[in-house]
Amino acid sequence: MQRLRTFLDNHCKDSDVADIIDGLMVACKDISHRLHLGALAGVLGSAGQENVQGESQKMLDVISNDLIKDCLAAMPCVRGLASEEEPDPVACNPDGDYLVLFDPLDGSSNIDVNVTVGTIFSILKAAPGAAGGDEATYLQKGSKQVAAGYVLYGPSTLLVFSTGEGVHSFTLDPRIGEFVLQREHIQVPAETQEFAINMSNQRFWLPEMQSYVGDLLKGEEGPLGKRYNMRWIASMVAEIHRILTRGGIFMYPFDNRDPAKPGKLRLMYEGNPMSMLIEQAGGKASTAFDDIMEVDPEAIHQRVSVVMGSSAEVEKACSYHK
Ligand code: FDP
């Protein structure tokens, strides 16, 4: 049995990054505990307010955000943080070298129905002298991430992360309160017969995406020559975890439902960290036109079109957009 801290000490070149991941898990264990208590913890339901994206916040969105914020702010190596639930980046310790971006509780519309949700994080190096509250210092491409990961709160609580040398997963053992190593160097199979997309948005997608998904639905009689199965959990962490476990393709493409919101997912704390994990595991992550991790960010809460998973299938989806 290998504990998370031992693994980080042996595998992380930078002890600050090890400290951040280890420290974040203090908050994530607390979130996990509250989620598993559910109604007994009195934390279900709406917080009665909206976040910066205009989405209604759940009580647990707010609690998780506060827990992670407090945890990071206490770390000397963290210069600043940015969260889905914070309108602006928050300065922490001026001498810290790192910026942490996170979605405290992704898939939170699933909380009240007791379905898997997760915390997503991305770690970037801060530019010398930049202030932790300065948005510009966060606007780095995904390819600059020094680490990324998620914690999945499901039947068991899992941590999956990469520091740029493969993807590893850990399971929280509630009997000892520690994350223990489960799988090292996870690989996504290149081929798949499973796709995930919210089909109710079909009429709003680009014609190219409609044509690709149309061909998936034609199965073995269509041009792709095989029968596909579909999954939609409506929780990106659960969806990406399934793909890291058995392959698949996950898509949340840009659509024309609301011109002010061309896509649903956020680049800096959803698209980029998940892309790093998928690519470190041998998969591909694209906007359908370009690599997600090569998108030049213009704002902290920027949205991105997402097509990621098994490499051969992502390439196929992208070929419809050429
Ligand atoms: P949620 O809004 O519940 O936080 O991050 C956005 C996200 O969930 C993803 O986790 C999930 O994949 C997607 O939105 C679900 O979108 P739909 O509501 O369109 O199904």
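Heavy atoms only: backbone and side chains are in, while hydrogens, waters and symmetry mates are out. Remember, it's 1-based here, ligands and their atoms both numbered in the order they're listed.
For ligand 1, the atoms lying closer than 4.0 Å to a non-hydrogen atom of L265 are 5 (O), 6 (C). Atom numbering of ligand 1 starts at 1 in the shown order; those under 4.0 Å from a heavy atom of M236 are 9 (C), 10 (O), 11 (C), 12 (O). Less than 4.0 angstrom separates some heavy atom of E270 from each of these atoms of ligand 1: 5 (O), 6 (C). Less than 4.0 angstrom separates some heavy atom of G107 from each of these atoms of ligand 1: 1 (P), 3 (O), 4 (O), 8 (O), 10 (O). Proximity to S235 (heavy-atom distance under 4.0 Å) selects the following atoms of ligand 1: 10 (O), 11 (C), 12 (O).
The aromatic rings of H11 and H168 are tilted relative to each other, their planes meeting at an angle between 30° and 60°.
Looking at S122 and N272, their side chains never bring a donor and an acceptor atom within 3.5 Å of each other. Side chains of E239 and Y252: a donor-acceptor N/O pair is absent below 3.5 angstrom, by distance only. A side-chain donor from one of H241 and Y150 sits under 3.5 Å from a side-chain acceptor of the other.
Using a 4.0 Å cutoff on heavy atoms, K264 counts as a contact of ligand 1.
Residue-to-ligand polar distances keep N201 apart from ligand 1: every N/O pair is separated by 3.5 Å or more. Checked against a 3.5 angstrom limit, the closest N/O atoms of D103 and ligand 1 fall outside it. Note: an N/O pair closer than 3.5 Å links S108 and ligand 1 by distance alone. Inclusion of F250 in the set of residues having an N or O under 3.5 Å from an N or O of ligand 1 is not warranted.
H36 contributes a side-chain N or O that, together with a main-chain N or O of G154, makes up a donor-acceptor pair within less than 3.5 Å.
The pair K69-E85 fails the salt-bridge criterion, with no side-chain N (NZ, NE, NH1 or NH2) lying under 4.0 Å from an Asp/Glu carboxylate O.
S310 and V188 get closest at one heavy-atom pair: OG-CG1, 3.7 Å. Closest approach of M199 and V213 over heavy atoms only: SD-CG1, 3.7 Å.
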F7 vs F179, ring-ring contact (aromatic ring centres under 6.0 Å, His included): CA-CA, chis, key distance, verdict: CA-CA 10 Å; F7 184 92; F179 282 95; over 10 Å; no
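One option in W232, Y269, Y252 has a heavy atom closer to atom 20 (O) of ligand 1 than any other, and that option is W232.
Nearest protein neighbour of atom 3 (O) of ligand 1, counting heavy atoms only, is S109 OG, 2.8 Å. Of the protein's non-hydrogen atoms, D106 OD2, 2.7 Å is the one closest to atom 10 (O) of ligand 1.
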